[in-house]
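The structure appears right after this line, and notes come after that.
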Amino acid sequence: MTSNSATPPAGQDSAVIEDLFRQQGEALRAMFAPLMPTEHSQLPDPADLQLWAMSAAKLQKMWLDFGAERAGAIEPALAKLGDAERWSNLVSQWWTAMPLAAAEVQAKLWDDSVAMWTKVLSQYAGGKPKAEVELPRKDRRFADPRWRDQPVFALLHQTYLLLAERINALAEETQGLPPERKAQLRFLTRVITDAMSPANFPTTNPVVIERTLEMKGENLVKGVEHLLADLRKGQLTHTDPHAFELGRNIGATPGKVVHETPLFQLIQYSPTTETVIETPLVIFPPWINRFYILDLNPRNSFIRWAVAQGLTVFVVSWKSADASIADVTWDDYIRAQIEAIDTVRDRLGVAGVHTIGYCVAGTTLAATLALLARRGEADKVATATFFTAQVDFEKAGDLKNFIDEGQLKLLESLATDGVLDGRYMAATFNLLRSPDLIWNYVVNNYLLGQDYPAFDLLHWNGDTTNLPFKWQKAYLEDLYRDNRLVVPDAMMVDGTPIDLRQIATPCYIQAGREDHIAPAESVWKLTRHLAGPWKFVLAGSGHIAGVVNPPEAGKYQYWLNDADPATLAAFIEGAREIKGSWWPDWIDWIKSSSAKTVPARGKRAPGGKGDRVIEDAPGRYVKTR
């Protein structure tokens, strides 16, 4: 077939995409015709009909009960977030920005579609075994053999992949938009095309269809139970909610809370070695999440591992925001970091401490170091380690797509008593990886009715914290939007202007090669703003698995470059790859700066004779909701 014969007549604004899906729908109806009751169809077993009826009755009752239960009880904030008119306007703006209606675009799409259909259907000619079918496009969402067992499903998902590929390419090629608007267009296009995958709908997913037929609809009943439970709590569930308990099988490394303020608790962990390194370690986790990402279970707990290496480990457990701390600002978090450092120094009688800042707490640690340097107190920190932390937000990734006046006003409207519900931030992070963190669970738990796995990392991911909106708004505007932290003396902290170029503290900087929250290129930029020595480590995987990767797991890899590269690309080009975890490299770096040890007694073992402590780890703050 030639291009001209397949192309719609010039000048007609034909809706090619709708036509493609119409043809797919007709093919689906043809495929399911044998299942429908006709004069030639064999009647189903009466027992099966009864089971189907029972499933339908259960579904109807659940929805009716939920509707009665929730009548007039929708949270105002949830209503704003899910406002149909707002989303309709958003999609309308997206459609307007995309040149999908252009005749030449539709003509090319039509030609490519016909060529693809011809190629796919030829795979099924002559009774060819299904195992030998080779489809043009591959995607892990369609890895199950049932997506190619029948030509209709092969055509369906291959057409979708072609459309998604071309539509995302159009977003990439769109001209005449400011860079930030084009980035938003690319992001929204990806979100929309991911949502439209045929894998996400029960009537177009052969795995779901087969499961539904086998279970007589019981999978859908169970899936709706999961869906309604999530609607009630206002959050997508990723893991078995009853599998973990803080202090028992997660966040269970032994220790004591030794200091407390309205903003944080300071936990000190009990030593497991007879001697410990004299300089203690203070860990600052992000207050956007709970601290126990670094203390999940004994096999992957960074805290437990660090204690076993002979470090006296302290960690800050931030309080989930409520009205009592709604007015705190970034300055308060920086002052809190300094207070924690001084508390540890006084408690153990040491001159300085090792520090770790993870994500936003790493950004804050950089500001803390700059403030201490400006005040002549830099020696309070012996070393600083940054886990996937950004200070230069020029290339901060997809999160920047949520920072414009409209988005900030929406966030402000969602805040209650000056506090932003952590579920909204969780939804934002889920959108950054919607196939993995949204649609995968829609398919498995809502459509297939599968049980949730018991996965500690996913449990932590769903354990949200609330944020002071005043701080959140200033952080997004000053850092993400205006990138003021890297401008010397552009920001004041506690009444003092700060300049990152004054940081002479030795720094260990870790980035994740596949990090979608703090992209490696953005993390690398920290090296361009330091006056002191630094070491950069590029870890395999992303924002979490790139950090939480114990040596015993034998997973992933990391890269080092002993030269002095000026860019991340140059670092990667000249780097050597090392299999496994980067943790041993980090502890060697720590010991190279302070190898002196002291006995693990007295206040090195919290809660001993004469040592007044507040409570056992993990403390109260990590459990507040």
Side-chain angles (χ1 to χ4, degrees), residues 238-258 265-277 280-286 289-318 354 356 358-359 385 387-388 452-463 510 512 539-558 579-588 590-591 600 604-608 613 615-623:
H238 289 123
T239 188
D240 182 351
H242 308 295
F244 300 100
E245 180 185 347
L246 276 167
R248 180 178 64 85
N249 59 354
I250 194 170
T253 299
K256 305 289 183 182
V257 176
V258 298
Q265 288 187 319
L266 183 65
I267 301 170
Q268 180 183 355
Y269 291 92
S270 302
T272 57
T273 54
E274 293 185 1
T275 62
V276 291
I277 296 170
L281 170 67
V282 184
I283 301 175
F284 300 109
N289 304 103
R290 309 285 179 174
F291 82 85
Y292 64 89
I293 184 59
L294 296 175
D295 189 30
L296 290 171
N297 66 63
R299 295 185 304 279
N300 61 7
S301 168
F302 177 84
I303 289 172
R304 182 181 288 265
W305 178 86
V307 169
Q309 306 311 303
L311 283 167
T312 302
V313 178
F314 294 80
V315 68
V316 166
S317 174
W318 303 102
H354 298 298
I356 292 176
Y358 195 160
C359 190
T385 296
F387 290 171
T388 63
Y452 293 106
F455 190 4
D456 53 2
L457 194 152
L458 291 177
H459 175 88
W460 165 85
N461 188 61
D463 191 359
Q510 178 269 339
S541 197
H543 197 69
I544 302 301
V547 173
V548 184
N549 182 26
E552 293 78 8
K555 294 177 65 177
Y556 307 124
Q557 66 283 99
Y558 63 98
K579 298 295 184 184
S581 171
W582 54 269
W583 293 7
D585 181 80
W586 173 81
I587 194 64
D588 288 344
I590 288 289
K591 290 179 177 178
R604 295 279 177 165
V613 298
E615 60 187 342
D616 290 339
R620 303 187 319 281
Y621 282 12
V622 74
K623 298 176 183 179

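These numbers come from a predicted model, not from an experiment.
No side-chain heavy atom of Asn549 sits under 4.5 Å from any side-chain heavy atom of Tyr558. Proximity of Thr253 to Ile267: side-chain heavy atoms (C-beta onward) are nowhere separated by under 4.5 Å. Between Lys256 and Asp616, some side-chain heavy-atom pair lies under the 4.5 Å cut-off. A 4.5 Å side-chain heavy-atom check between Thr312 and Gln268 finds at least one atom pair inside the cut-off. Asp456 places none of its side-chain heavy atoms less than 4.5 Å from the side chain of Asn249. Between Val315 and Tyr269, some side-chain heavy-atom pair lies under the 4.5 Å cut-off.
Residue Ile250 holds its CD1 atom at 8.5 Å from CG of Leu457, rounded to the nearest 0.5 Å. The CD1 atom of Ile277 lies 10.0 Å from the CZ atom of Arg604; values are rounded to the nearest 0.5 Å. If you take NE2 on His543 and OG1 on Thr388, they are separated by 4.0 Å, rounding to the nearest 0.5 Å. Here the CG atom belonging to Asp295 is positioned 14.5 Å from the CZ atom belonging to Arg290, to the nearest 0.5 angstrom. Remark: Asn461 CG to His238 NE2 distance equals 6.0 Å, nearest 0.5 Å. From Leu311, atom CG reaches atom CD1 of Ile587 across 4.0 Å, with rounding to the nearest 0.5 Å.
Between the side chain of Trp318 and the backbone N or O of Pro286, no donor-acceptor pair lies under 3.5 Å. In this structure, Thr239 contributes its side chain and Pro453 its backbone to a donor-acceptor pair below 3.5 Å. Without hydrogens or angle criteria, Asn300 side chain to Asn297 main chain gives a donor-acceptor distance under 3.5 Å.
Heavy-atom minimum distance, Thr273 versus Ala600: O-CB, 3.3 Å. Closest non-hydrogen pair, Pro271 versus Pro606, comes out as CD-CD, 4.2 Å. The two residues Ala243 and Ala454 make their nearest non-hydrogen contact at CB-CB, 3.7 Å. The minimum heavy-atom distance between Ser301 and Arg304, with the atom names listed, is OG-N, 2.9 Å.
Phe387 pairs with exactly one of Trp583, Trp582, Phe284 by the ring-ring contact (aromatic ring centres under 6.0 Å, His included) rule, that one being Trp582.
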Please step through side-chain contact (heavy atoms from CB on, under 4.5 Å) for the pair Val547 and Gln510, ending with a clear verdict.
CA-CA 8 Å; Val547 173; Gln510 178 269 339; 3.4 Å; yes
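If you check the side chains of Tyr358 and Asn289, you find no donor sitting under 3.5 Å from an acceptor.
Ring to ring, Trp586 and Phe302 are close: their centroids are under 6.0 angstrom apart.
Below 30°, between 30° and 60°, or above 60°: for His459 and Tyr292 the angle between ring planes is between 30° and 60°, a tilted geometry.
In this structure, Arg620 places its CZ atom where more than 12 heavy-atom neighbours from other residues, nucleotides or ligands lie under 6.0 Å away.
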